Structures are given as structure tokens and as C-alpha cells.
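Structure first, then comments.
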Amino acid sequence: MTGAVHNIAGNFHVPTPENEPVRDYRPGSPEAEAVALEIKRIGGTTQSIPLSIGGRLIETERTQQVVSPHDHARVLGELSLADETHVRRAIDSALAARHDWSRLPWWDRVSVFLRAAELVAGKYRDEINAATMLNQSKTYHQAEIDGACELADLLRFNAHYAEQIYANQPKSTQGENNYLDQRGLEGFVLAVTPFNFTNIAGNLPATAAMMGNTVVWKPSEKSALSTDVVRRVFAEAGVPAGVINCVHGDGKLVTDIALADPNLAGLSFTGSTEVFRQLWKKVASHIDTYKGYPRLVGETGGKNAVVAHVSADPQALITGLTRGAFEFQGQKCSAASRAYIPRSLWKKIKDPLAAQIESLVVGDVADHRTFLGAVIDETAHDRLANAIGKANALDSHTLVAGGTTSKDTGYFVRPTVFETTDPNAFTLTTEFFGPLLTVFVYDDADWLDTLALADRTSPYGLTASVYATDRVAIGQALDVLRDASGYVAINDKPAGMSIGKQQFAGSRASGTNDKIGSPLALQRWVSGRFIKENLNPDTDYRYPYLGV
């Protein structure tokens, strides 16, 4: 950037956003064949994955292997790891780029990210989907809705919402002009992104940057292959040097340095509740040294409930539990992990549900028969294996389906369902982030008590599902569970929100509920300055009440 001068005048509008169509990827289809070729190409090489600081790509001596979770002998990349010097350089680069970027007209900034959306949905679609499948063990469908569609949707809808925010101006009356200057925050924004969604990895730094901020971006090392595709998309779209600086490596190192810097303007985080609370405490410990009060935006964990009423459609419930709990191996913050089902309904669906779950294929995501790939790494596998073993040892738990794991070739966990008689069981309160669902069976007459139980059992408040055809029961559920989630699905799975239709986030231990993909999320990254211009200045200090 050479300055913020713009010689084009006009009242600009961005294109009205529409959701990117989701391709089917049926076996033998052109789109499936194209992604299969990309999987073969990417999977047959070991890429160097660099840092990106101030527009420069940096390869370091310290590296870490990036592997495919469902075939962990396959090395996909050598990831360069940042040290303290790199992190400080990234902060300096963000601060150096801030002046010009923050003063660039908003339509120039959003145009960069609209171009990125076109690249994601077009030129890079096959590569970003293939990288997401290989690196995060997502199926064709899960990679498509994540890497291509939702990232493109977020960029396009955010541009639209940005226009609305900037268009919201105060009233001016005769004799004065009033303006609202929606400034980017003073300093830099730290974006910490998770492994499980390629679209979140791109959206967090892009949202802050779109609103005039410059960013230090710490992606998860577990999804470095797909993250690097996003980095290249941003570079090709025209994100200027220093606006988004990508530093891989130890999360504690990066966050300790960034959160201690007096120029920290904000933290945008998606990850575990435990880590977010630690980061919040670090910010609090440095509060006296900051230039301002940093904005803290976090989307964290969930222990999402499916609550069924006796009037629920049995087959719809079976489908919702299967998809909601086990798509992408349950590694979604929004995945169903606990269910409350009336006894009469459970008698009808228990065996069909178990049969359906046992039929699900777990394996290589490039195989069209596969419904579940592998969990992300050995740590995740062992955590889930231990939880399954602990539940199996309890008299209060009965294994309904699944229950086996293997890590010989990949980190595989069979989709697992337990039935418990303990309403306060650890399987109903602990987030496992994997394909583990626990069902509590309640007496049909205890509907209202069960709603209250579902509300108080978990500290989280992310998503929930209510299955019922009785409208009174649906209303009762929405009332009792009013504070229990930021998103409620009626007769649908608790995961699977669509950008521009249902916005995602929750409260309680699930985060700050800033609604990713909505104007609320963008508003957090601007700081308003009201300007009054007096067109007819007063020249006499005296007011009429003085009587002179």
C-alpha cells in the first residue's frame, strides 16, 4: 500500500450475497473426479508450509510434520515453526500496515475479500476441499460445505454486512453535518483459529481485516495444509503485506507474546473453553499496560443436547442423532453429544438406531462409502478411548453401539452410543469432541422436568435440538431452554447452520455469543467516532436565559 488516496467517487454497494451451491460429489461425477485427482496430487507430495510475515514467506529450521489423520504414515507437509523473534516481527508488521489499511475506503477492503470468495468457490475449490479431506479427515460432503461453501459465504455475507454498518449514519439537521467514523481498532488483532473448520480459519482473520484491522494469525498446526491454501487465496486476492500475518507454532508462545504487547487491540478465538479462559486471564493480568481495553471474542465448547418429546417423529430423530452426533467424527462444537428420549419412544428407536450406527463406514474419506474419517490426532484418539473405557466400566452405562477404537493406520473411533441411568453422568456433562453420544431415557410424563434437567446439566450454551410435533411441547422447550443455547433446531440436528440464515455462537461456557457470520461479529472490530461539523458557528457566548 502506498496510501489511502482514492480517486473514484460514488455510493458503492456490494453484490447481494447468496449461499454458494453445495455440490453433491456423487461417485463418478465430474466434481468428485476432480477432487480425487487433487487428493492424489497433494497426497503424493510433502509440501513446505511457511510462515507469512509482512508479505514475506519464511521457512524455519524448526519444523513439524503434518500428517493425514486416517493415514498417519502419510506426511503431507513440513510446517515451519515460529520463535519469539518471528512473533514480534509479525506484530511489528501488523502495526506498520495499520495506518494505510485502516484508512483505505471500506469498499476497497471488502473488494479484496470478495475476490477471495470467488477464488475459493472457483480456482481453489478442488484444492481447498482436497486439502481439508486429507488434513482434517473430512468426507467429500463435509469438506465441500466447510472449505468451499461456508468460507465463500462468510466472505460474501460479511462484505454485505460491512456495507450496512458503514451506511448506518446519524441524523444531520440544517446547520450541521454529523458523521459516524467506524474506525478499526487501535493496535493489532490476534486471531487464534482451530483445526476443525477451514472456513473458521479463514473467517476470523478476514473479519477483523475487512473492518480495517491488521492481524497476527495463529492457525492450528493440525490443519496447516488447508490453512496454507487459505493464506495463498488471501495473497492472490490482494490482501496487502502486513495486513494478515500468519505464524505457526506453539500456541502458548504466540499468545504469551501477543497478549503481553501494549498494542493488543483484540483477541478473536475459536477453540476450547479451558484455553479461552486462560487467555482471558492473561489479558486481565496485562490490563494496566494496554493502550485500550482489548476486545475479546470467543467461540468455545459445547455439550449439545437433543431433547425429544413423545410426539417426535421416530425416523427424523434417528436421522438427526446419526448426522448430528457423528458427521465429521463429532469434532464440531455444535455436534450432538447428549440426548434425552422418552421411554416409549426409546423402545421404538433403540434397535434401529443401533443398527444404523453400526452400519456406518469408518475409514479413508476418499472412499465414497465412508461416513466417518479419523479423529484429528493420537491425543484425541486416546482421550476418547479412555472415556469409552470408563463408561463401559460403570453399572449406570450400557453400550448401545460402537465402542471400539484403533490407531494402527489412522486415529479411528467407531461411532459410539451409551444409554445411561445417571442424569448427572460424566458422559452427559463432559465435552469429548468426538463421536460419542449418551442417551438418558426419561419417563414420558417427566417432559418438563427433563427440560429443566437438560438446561442445568451442562455448563455450556451453544446449540440444542428439540424433536416434537406437539406445538405446546415445542413452546415449552423453547421457554425452558431459553438460556441453554445460542441456536436451537426444531426437528433437525443441532449442527449445520447456514450463513445468512442462522448465525452461530453461544453463551455460558460456550463463548461471547458474537454470532459468526452476522453484523454482530463485524461490529466488534470497529470503534465508533462521532463527528459534528457546525455549518453556522455561534459567535456570541451568551444564552437567552442570561437576559442580556
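We number each residue from 1, following the sequence as shown. For clarity, every value in this text was computed on a predicted model and none was experimentally measured.
Ile165 is listed as a side-chain neighbour of Met211, based on a closest heavy-atom distance under 4.5 Å. Here the side chains of Leu190 and Leu259 are in contact, with some heavy-atom distance below 4.5 Å. Taking the side chain as every heavy atom from C-beta outward, Ser510 and Cys333 never approach each other to under 4.5 Å. Contact annotation: the side chain of Glu78 never approaches that of Ser48 to less than 4.5 Å [non-hydrogen atoms, C-beta and beyond]. In this structure, Val35 and Met133 have side chains that are in contact, with non-hydrogen atoms separated by less than 4.5 Å.
No donor-acceptor distance shorter than 3.5 angstrom exists from the side chain of Asn245 to the backbone of Ser93, with no hydrogens or angles considered. In this structure a side-chain-to-backbone donor-acceptor pair under 3.5 Å is missing from Asp377 to Pro69. A donor-acceptor pair is defined here as one N or O able to donate and one able to accept, closer than 3.5 Å; such a pair exists between the side chain of Lys303 and the backbone of Thr430. Side-chain N or O atoms of Asp514 include none that pairs as donor or acceptor with a backbone N or O of Ala521 at under 3.5 Å. Under the 3.5 Å distance criterion, the side-chain polar atoms of Ser268 are left unmatched by any main-chain donor or acceptor of Ala191. Side-chain atoms of Gln329 come within 3.5 Å of backbone N or O of Gly373 as a donor-acceptor pair. No side-chain donor-acceptor contact under 3.5 Å links Arg23 to the backbone of His141. In this structure, Asp228 contributes its side chain and Arg231 its backbone to no donor-acceptor pair below 3.5 Å. Judged by distance alone, with hydrogens and angles left aside, the side-chain atoms of Ser223 form no donor-acceptor pair with the main-chain N or O of Asn135 at under 3.5 Å.
Taking 4.0 Å as the cut-off between side-chain N and carboxylate O, Glu221 and Lys218 count as a salt-bridged pair. Ion pairing between Glu236 and Lys123 holds under the 4.0 Å rule for side-chain N and carboxylate O. Remark: Glu118 does not engage Arg125 in a salt bridge, criterion side-chain N to carboxylate O under 4.0 Å. Using a 4.0 Å cut-off between charged nitrogen and carboxylate oxygen, Asp261 and Arg88 do not count as a salt-bridge pair. Salt-bridge check for Glu38 with Arg41: passed, with a basic side-chain N closer than 4.0 Å to an acidic carboxylate O. Contact check on Asp92 versus Arg89 returns no salt bridge, with no Lys/Arg side-chain nitrogen under 4.0 Å from an Asp/Glu carboxylate oxygen. At a threshold of 4.0 Å, the pair Asp367-Arg369 counts as salt-bridged, since one of the basic side-chain nitrogens sits closer than that to a carboxylate oxygen.
The two residues Phe371 and Thr139 have their closest heavy-atom pair at O-CG2, 3.7 Å.
His368 has its ring centre less than 6.0 Å from the ring centre of Tyr140.
Ring orientation note: the planes of Phe12 and Trp107 are tilted relative to one another, at an angle of 30° to 60°.
Screening Ile499, Thr132, Val230, Val233 for a side chain to side chain contact (heavy atoms under 4.5 Å, CB included) with Leu151, the sole residue that qualifies is Val230.
For the pair Lys138 and Phe328, the cation-pi test (distance below 6.0 Å, angle within 45°) is passed. Taking the ring centre of Phe433 as origin, the terminal cationic atom of Lys332 falls outside the region bounded by 6.0 Å and 45° from the ring axis.
Rounded to the nearest 0.5 Å, atoms CG (Leu296) and CH2 (Trp280) are 5.0 Å apart.
Within the structure, ring pair (Phe, Tyr, Trp, His ring centres under 6.0 Å) pairs that include any residue of residues 62-84 comprise His72-Tyr411 (at least two apart or interchain).
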